[in-house]
Amino acid sequence: MPNTELKTMDMTSGDITGLITRFSLPLLAGNLFQQLYNTVDSIVVGNYVGKEALAAIGSTTSLINTLVGFFLGLAAGASVVISQYFGAHDVQNLRKTVHTMVAGTLILGVIFTVAGIFFSPFMLRLMATPDDVISDAAVYLRIYFEGVLALMIYNTGAGILRAVGDSKRPLYFLIVSSLINVVLDLLFVIKFHWGIAGVAYATIISEAVSAGMVMFVLMHTQECYQLKIHELKIDSEILRKITVIGLPAGIQQAVTYFSNVFVQAYINSFGSSCMAGWASYGKIDQFAFLPMQSISLASTTFVGQNFGAVNIKRAKRGITVSLALSVVMTVLIVIPMMLFATQLVGMFNREPDVLYYGTFFLRICSPFYVLCCINQIYAGALRGLGDAAVPMGIMIGSFVVFRQLYLLVVTHVTNSFCPVSIAYPVGWVVCSIIMFIHYRRYIRRFE
């Protein structure tokens, strides 16, 4: 297999800890910059527009993630297929997968754009979004979904590069686009006074830049995964393989995020201050998940390549290393988050009620992040082995069914926001226990 650019990473040999670490760090940095998109939006509107605008952005997160999460699950399935073909040195099928993946993204991008714009107002009303928030939320969603195709194109291209071991260039593209986003946020909101529409336009413009860069690389590389426009078509057999792995992950993410719409509805009932505090917590919370999610992606690629090379023993060692790394990094993040919770929330808005709610949410949930390492790492590893359906079922059962039953019960017992706020941790605990049991049973068949 040609490697003239030396951008790929063969994980079927060499030091496991070093490989996973070198692959994960650019992913972590990349996810960090990608998360900065909405976080900078929230900081700017929270400080220069008001808590209602901050609450509006927070209330849109679950809706955006429902559609985008479904696509990212499909993309993850395609990345697994690419990594397995790469590990097996099957260039022909690797190229078919790349072109099927890109063609499918263009089709889904149009569908998601229409669906997002059409259904967003209905979903905002379903969530009982307060009158002082719903107008800004509708504006933000409409503009965001007008540019969602660029986000999908970037993630498709980045997924292709990461599947063959190149996690650095996606990082560079995100750094550039994140800096553009920050500059445009400040320009559109502070200078032009465009309010929440300004941060939405800043986001879709910077995402378009990252999409353009990743497509340029794919079309001009001399590697086996080079993208050629005239070869764009959907191969039915490749699509079937992508669907088998990616559809369960996509459904799992979409359903999980959709269930968060109902959690948001419970939060909305406590008013805009509580919504703003929850939004602030949510932005900080997402940063805490980045190490485990990045290592989970690395474990998927590592396991996929070694599974393709028929080296299950090495794949198992990689899973153990991934879990240990994720736990250590998460602990190092959780401690300062708890100590400086008020200061972190204060970056978004300094109104006393917002600080109170945000600090409470952060301190009560963050100790449970360590348990999430179990479900994230094992789910990623199982997808690398080709088992995506059962992790999907476990996560839907824990994050959707169990969590909604829990909320239904506690909200009928009490009208306090405290039990609502621990709906996430109880779901994490249940998911981690079941995922660990399934992983142990599944891996034994290869032993």
Side-chain angles (χ1 to χ4, degrees), residues 1-11 23 26-27 30 34 68 71-113 147-177 204 206-243 245-246 249-250 297 300-301 304-305 308:
M1 181 177 294
N3 191 24
T4 56
E5 296 178 19
L6 299 177
K7 297 294 184 181
T8 59
M9 182 183 293
D10 187 343
M11 295 187 171
F23 190 78
L27 282 176
Q34 191 164 36
V68 176
F71 168 74
L72 292 180
L74 288 175
S79 297
V80 170
V81 176
I82 290 173
S83 67
Q84 290 179 352
Y85 284 139
F86 183 77
H89 304 289
D90 188 343
V91 175
Q92 182 178 1
N93 280 317
L94 188 152
R95 290 188 57 79
K96 288 181 180 179
T97 306
V98 168
H99 288 85
T100 297
M101 190 176 177
V102 174
T105 297
L106 296 175
I107 295 171
L108 284 176
V110 175
I111 296 172
F112 283 16
T113 299
V148 75
L149 177 59
L151 173 68
M152 295 171 65
I153 291 174
Y154 166 76
N155 280 285
T156 293
I160 293 170
L161 294 176
R162 289 165 182 159
V164 297
D166 180 5
S167 58
K168 291 183 179 179
R169 283 186 290 187
L171 166 62
Y172 303 150
F173 304 151
L174 280 175
I175 292 175
V176 172
S177 58
I204 66 172
S206 49
E207 286 173 348
V209 171
S210 62
M213 289 189 291
V214 77
M215 284 296 105
F216 179 86
V217 166
L218 290 178
M219 294 174 68
H220 289 82
T221 183
Q222 298 304 310
E223 290 279 11
C224 58
Y225 53 86
Q226 182 186 29
L227 177 66
K228 296 182 178 180
I229 299 298
H230 66 274
E231 292 184 24
L232 279 179
K233 65 177 181 178
I234 295 179
D235 183 280
S236 58
E237 180 60 24
I238 295 295
L239 180 62
R240 185 193 66 80
K241 291 183 178 181
I242 292 174
T243 303
I245 300 176
L297 287 171
T300 298
T301 299
Q305 287 192 17

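Every heavy atom of this structure was used, including side-chain atoms; hydrogens, water molecules and symmetry mates were not. Numbering starts at 1 and runs along the sequence shown.
Checking Ile82, Leu161, Val91 one by one against Tyr225, the side chain to side chain contact (heavy atoms under 4.5 Å, CB included) holds for a single residue, Leu161.
Proximity of Arg162 to Pro170: side-chain heavy atoms (C-beta onward) are separated by under 4.5 Å at one or more points. Between Ile153 and Val102 the shortest side-chain heavy-atom distance does not fall below 4.5 Å.
Nearest heavy-atom pair, Phe173 versus Met213, reported as atom, atom and distance to 0.1 Å: O-CE, 3.3 Å. Of all the heavy atoms in Leu297 and Phe23, the pair that sits closest is O-CE2, 4.4 Å. The minimum heavy-atom distance linking Ala78 with Met101 is given by the pair CB-SD, 3.4 Å. In terms of heavy atoms, Asp90 sits closest to Asn93 at OD2-ND2, 2.9 Å. Pairing each heavy atom of Thr97 with each of Val81, the nearest pair is OG1-CG1, 3.7 Å. What you find for Gly304 and Ser83 is that their closest heavy atoms are CA-OG, 3.9 Å.
Remark: Ile175 CD1 to Ser210 OG distance equals 12.5 Å, nearest 0.5 Å. Annotation: the span from Thr105 atom OG1 to Phe112 atom CZ amounts to 9.5 Å, rounded to 0.5 Å. In this structure, CG in Leu149 is found 9.0 Å from CZ in Phe71, a value given to the nearest 0.5 Å. Put simply, CG on Leu239 and NZ on Lys233 are 13.5 Å apart, with the number rounded to the nearest 0.5 Å.
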(message) Please evaluate residues Leu106 and Met152 with respect to the criterion side-chain contact (heavy atoms from CB on, under 4.5 Å), reporting the C-alpha separation (whole Å), side-chain torsions for both, the decisive distance (0.1 Å), and the verdict.
(response) CA-CA 8 Å; Leu106 296 175; Met152 295 171 65; over 6 Å; no
(request) Carefully, step by step, assess Gln226 and Leu218 under the rule side-chain contact (heavy atoms from CB on, under 4.5 Å). (result) CA-CA 5 Å; Gln226 182 186 29; Leu218 290 178; over 6 Å; no
(message) What verdict does the side-chain contact (heavy atoms from CB on, under 4.5 Å) test give for Leu108 and Leu74, after you've listed the backbone C-alpha separation in whole Å, the side-chain angles of each residue and the deciding distance to 0.1 Å?
(response) CA-CA 11 Å; Leu108 284 176; Leu74 288 175; 3.7 Å; yes
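Although no hydrogens or angles enter the test, the distance criterion places a donor-acceptor pair under 3.5 Å between the side chain of Asn155 and the main chain of Leu151. A donor-acceptor pair is defined here as one N or O able to donate and one able to accept, closer than 3.5 Å; no such pair exists between the side chain of His89 and the backbone of Tyr85. The backbone N or O of Cys224 lies less than 3.5 Å from a partner atom in the side chain of Arg95, making a donor-acceptor pair. Listed for the Thr221 side chain is no donor-acceptor partner under 3.5 Å among the backbone atoms of Val217. Listed for the Gln84 side chain is no donor-acceptor partner under 3.5 Å among the backbone atoms of Gly308. At distances below 3.5 Å, not a single donor-acceptor pair connects side-chain atoms of Glu207 with backbone N or O atoms of Ala150. When atom types are taken as modelled, the side chain of Thr100 and the backbone of Asp235 share a donor-acceptor pair closer than 3.5 angstrom. Without hydrogens or angle criteria, His99 side chain to Leu227 main chain gives no donor-acceptor distance under 3.5 Å.
Between the side chains of Ser177 and Ser206, no donor-acceptor pair is found at a separation under 3.5 Å.
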